[in-house]
Amino acid sequence: MKKTTLFTLIFLSFFKGFSQDITGEWNGAIIVMGQELPLIFHIEKSDNGLTSSMDSPIQKAFGIAMAETIFINDSLFIKSGMGFSYSGFLTPEKGFGGEFIQNGQSFALNLGREKIEISKPNRPQKPEKPYPYVSEDVFFKNEKAGITLAGTLTFPKGTKQFPAVILISGSGPQNRNEEGLDHNPFLVLSDYLTRNGIAVLRYDDRGVGESGGEFLNSTSEDFATDAKAAVDYLMTRKEINKNEIGLIGHSEGGMIAPMVAIKSDDVNFLILLAGPGIPGDELLLEQNYALGKAAGMSEVKLTEAKRLNKKLYQLVINSTDKASLKTTLTSYFKENFPGLSETEIQGQLASITMNLPWWQFFLKYDPRINLQKIVIPVLALNGENDLQVPAKINLQAIETALKKGGNTDITIKTFPGLNHLFQESETGLPSEYGKIEQTFSPKAMEIIGDWIKKQTK
C-alpha cells in the first residue's frame, strides 16, 4: 500500500510585502525514503501581490498552485492549502534556508537559483526498446463510470491466441507501470511475462496519466469497475485466448481482483501479490505496528499508538461528512497530541479528509467475504519483510477464507527477504525502496510465470 499524493487544486494567493524581488524559479530537494526529491517553486508578481506554483518532476506533478505566498523581512512562507508548506529565510549568499512540512513531517529544504542535478539511480531491470514483442498503447471504456481508461497491451509476436493477465495497482494514484522512486515494477513484470508467452494489459488509474475520470472520491469498489472494463476489453481482442484471462493485483489491487472475479465469468485465475486478507482497519493497525517495531519503537509506545490509531479509524468510519469529521478530528489531535502545531494538525486533516470515501470504504472492507466466493485457481504471494501488508497474518487469512468457500486450487508462498514491492531487502522499511537497485525479484517473477503457464497449458 502505497499512498502517493499529488495536489492539483488551484487556490488564490496573496502578498503582504517584500524587501526585494524574489520572482522567478527557486530550486531545491528534500530527502524522502533515502532518495532526493527535487522541488521547484515558481514565484510571480500579480495584481494582488505574489503568486507561486510548485513542480515535483520525479512525481510528474507540475504547476501545483499555492494558496498563500508571503515574503516579508527576508522571510518566505508558501502554503498549499492541502497539507504542505514551506518557510525559509533569505540570505544573499546562499538563497533560502528553511523547511518543507507535509502532513506533520518536516524536511530540510534550501532553495537556490541553480537547477538541482539529481543523479539517476541505477535500475538494471528496466527494459529498453526495441522489445521482442508487440507493445500497443490502447484505450478502453468503463461504461458504468462513463470514463475512458488508457493503458498498454503487450503480447508475443505471432498469429496464435495467447493467455493474458491484467495488472491492478496498489493504493494511491498509480500509472500503468506502478511507477515510484524511479522503479517501474509493472513494466518489469509485464516485460518478463510477455517474453515468456503471456499477454499483459496494464493501465493508468482513473484520473492518472492518460486515463479519464476522477481519482479523489473514488473507492476500491469504483476501481474494481475499471478492472472489470479491462477484462471486457481483452475479450474483444483477437490475440487473446478468451478462456485464459487472469488478474494480478498488488496490495490494494490484491483485494480489488477478487471483487472483479466474483462478478465476471471471464476471469479464469487470480494472483494476489501482497494482497490484504484481513479487514482494512485491522490491516492498518498491523501495518503501523510492524513499521514502528522495525523503526525501533518500544513495545510501550507501540501499544499506545495502536490504541490511538484504533480510535482514529473508528472516528473516520463513523463520520457522515467532511466538515463534521474535521471538527471531531481536530479535537482528537489536540487532546491526544498536544505537541502538534496548528499547521501539523491541518496537514493530518487534509491527508484524511481529502479522500474520505476511499478511507471509509477501505477501513470497513473485509476481503474474506469475497475470497470465500472464489472458486478459480489462486496464487497468493508475499515477502517475509513486508511491513505494509504483513505476510503471515494476511496469507493465513486468505488461505482460510478460500478453503472455507470450498476452493481447493490454492497456492500460498512466502519469500524470505522480500519487501512489499517484492524487492530483496534488509529491513523491509519503505526508506529502503528507493535505495535498492532491484525492482522486482527474478525468483518471484519466475514463480508467477511458471504458475500461469501451468494454469493455461
Side-chain angles (χ1 to χ4, degrees), residues 1-9 11 67 79-85 101-105 145 170-174 205-208 213-226 251-253 255-256 259 276-289 291-292 302-370 388-389:
M1 298 195 36
K2 320 184 278 220
K3 211 76 185 156
T4 303
T5 306
L6 302 177
F7 303 117
T8 56
L9 299 179
F11 295 86
K79 184 178 180 182
S80 72
M82 293 292 288
F84 64 95
S85 63
I101 297 176
Q102 181 170 17
N103 296 335
Q105 288 187 289
S171 61
Q174 306 284 327
D205 288 350
R206 58 168 67 191
V208 177
E214 180 190 16
F215 188 89
L216 288 178
N217 297 317
S218 297
T219 69
S220 306
E221 202 166 37
D222 298 317
F223 302 138
T225 68
D226 296 339
S251 194
E252 182 189 358
M255 80 179 208
I256 291 172
M259 294 182 191
I278 58 179
D281 58 341
E282 295 180 24
L283 173 63
L284 291 187
L285 291 175
E286 293 290 336
Q287 178 186 112
N288 293 332
Y289 182 89
L291 288 168
L302 288 169
T303 300
E304 177 63 6
K306 187 172 185 178
R307 181 187 71 81
L308 292 172
N309 282 326
K310 188 173 183 178
K311 182 179 179 180
L312 172 64
Y313 300 151
Q314 201 58 51
L315 291 175
V316 175
I317 290 172
N318 294 337
S319 64
T320 56
D321 60 80
K322 292 184 179 181
S324 61
L325 179 60
K326 283 184 178 180
T327 301
T328 301
L329 291 185
T330 298
S331 299
Y332 166 82
F333 286 124
K334 288 182 176 180
E335 177 185 346
N336 294 286
F337 303 94
L340 287 181
S341 68
E342 187 64 30
T343 299
E344 290 171 328
I345 291 175
Q346 292 304 314
Q348 295 289 343
L349 292 176
S351 176
I352 295 170
T353 59
M354 182 177 58
N355 199 3
L356 183 57
W358 182 88
W359 276 110
Q360 289 184 319
F361 182 90
F362 182 82
L363 290 171
K364 291 188 288 187
Y365 182 75
D366 186 346
R368 296 170 296 191
I369 295 172
N370 280 336
Q388 293 184 255
V389 182

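The chain is numbered in sequence order, starting from 1. As the structure is a prediction and not an experimental result, all values here were calculated from the model.
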Undergrad: If we only count heavy atoms from C-beta on, is the Trp359 to Leu284 side-chain gap below 4.5 Å?
TA: yes
Undergrad: Of all heavy-atom pairs between Gly170 and Asp205, which one has the smallest distance, and what is that distance?
TA: O-OD2, 4.5 Å
Undergrad: Met255 and Pro367: which non-hydrogen atoms are nearest, and at how many Å?
TA: CB-CB, 4.5 Å
Undergrad: When rounded to the nearest 0.5 angstrom, what is the spacing between NZ in Lys322 and CD1 in Ile352?
TA: 12.0 Å
Undergrad: Would you find more than 12 non-hydrogen atoms of other residues, nucleotides or ligands less than 6.0 Å from Lys334 atom NZ?
TA: no
Undergrad: Grab the two heavy atoms, one from Val389 and one from Ser251, that are nearest each other, plus how far apart they are.
TA: CG2-OG, 4.2 Å
Undergrad: Does Ser220 form a side-chain contact (heavy atoms from CB on, under 4.5 Å) with Trp358? I'd like the steps, not just the answer.
TA: CA-CA 7 Å; Ser220 306; Trp358 182 88; 3.8 Å; yes
Undergrad: Where the side chain of Tyr332 meets the backbone of Leu308, is there a donor-acceptor pair that is under 3.5 Å apart?
TA: yes
Undergrad: Side-chain contact, heavy-atom cut-off 4.5 Å: Phe361 with Asp222?
TA: no
Undergrad: Could you report the tightest heavy-atom contact between Gln287 and Gln388, atom names first, then the distance?
TA: NE2-O, 2.9 Å
Undergrad: When rounded to the nearest 0.5 angstrom, what distance separates CG in Leu283 from OH in Tyr365?
TA: 12.5 Å
Undergrad: Rounded at 0.5 Å granularity, tell me how far NZ in Lys326 sits from CG in Asp321.
TA: 10.5 Å
Undergrad: Judged by atom type as modelled, is there a donor-acceptor pair below 3.5 Å linking the side chain of Gln360 to the main-chain atoms of Val316?
TA: yes
Undergrad: Are Asn309 and Tyr289 linked by a side-chain donor-acceptor pair shorter than 3.5 Å?
TA: no
Undergrad: Side-chain contact, heavy-atom cut-off 4.5 Å: Asp281 with Lys364?
TA: no
Undergrad: For residues Lys311 and Asn336, report the shortest heavy-atom separation together with the two atoms involved.
TA: NZ-ND2, 4.1 Å
Undergrad: Just wondering, do Leu329 and Ile345 contact through their side chains at under 4.5 Å, heavy atoms?
TA: no
Undergrad: Would Phe215 and Phe223 count as a close aromatic pair, with their ring centres under 6.0 Å?
TA: yes
Undergrad: Rounded to the nearest 0.5 Å, what separates atom OG1 in Thr353 from atom CG in Leu325?
TA: 7.0 Å
Undergrad: Where is the tightest heavy-atom contact between Thr225 and Arg206, given as atom of each residue plus distance?
TA: OG1-NH2, 3.5 Å
Undergrad: Can you check whether Ser171 reaches Phe362 side chain to side chain, under 4.5 Å on heavy atoms?
TA: no
Undergrad: Enter the distance from Leu312:CG to Leu285:CG here, rounded to the nearest 0.5 Å.
TA: 9.5 Å
Undergrad: Before giving the answer on side-chain contact (heavy atoms from CB on, under 4.5 Å), spell out for Thr328 and Ser319 the whole-Å C-alpha distance, their side-chain angles and the decisive distance to 0.1 Å.
TA: CA-CA 9 Å; Thr328 301; Ser319 64; over 6 Å; no
Undergrad: Counting only heavy atoms not in Glu221, do more than 12 fall under 6.0 Å of its CD?
TA: no
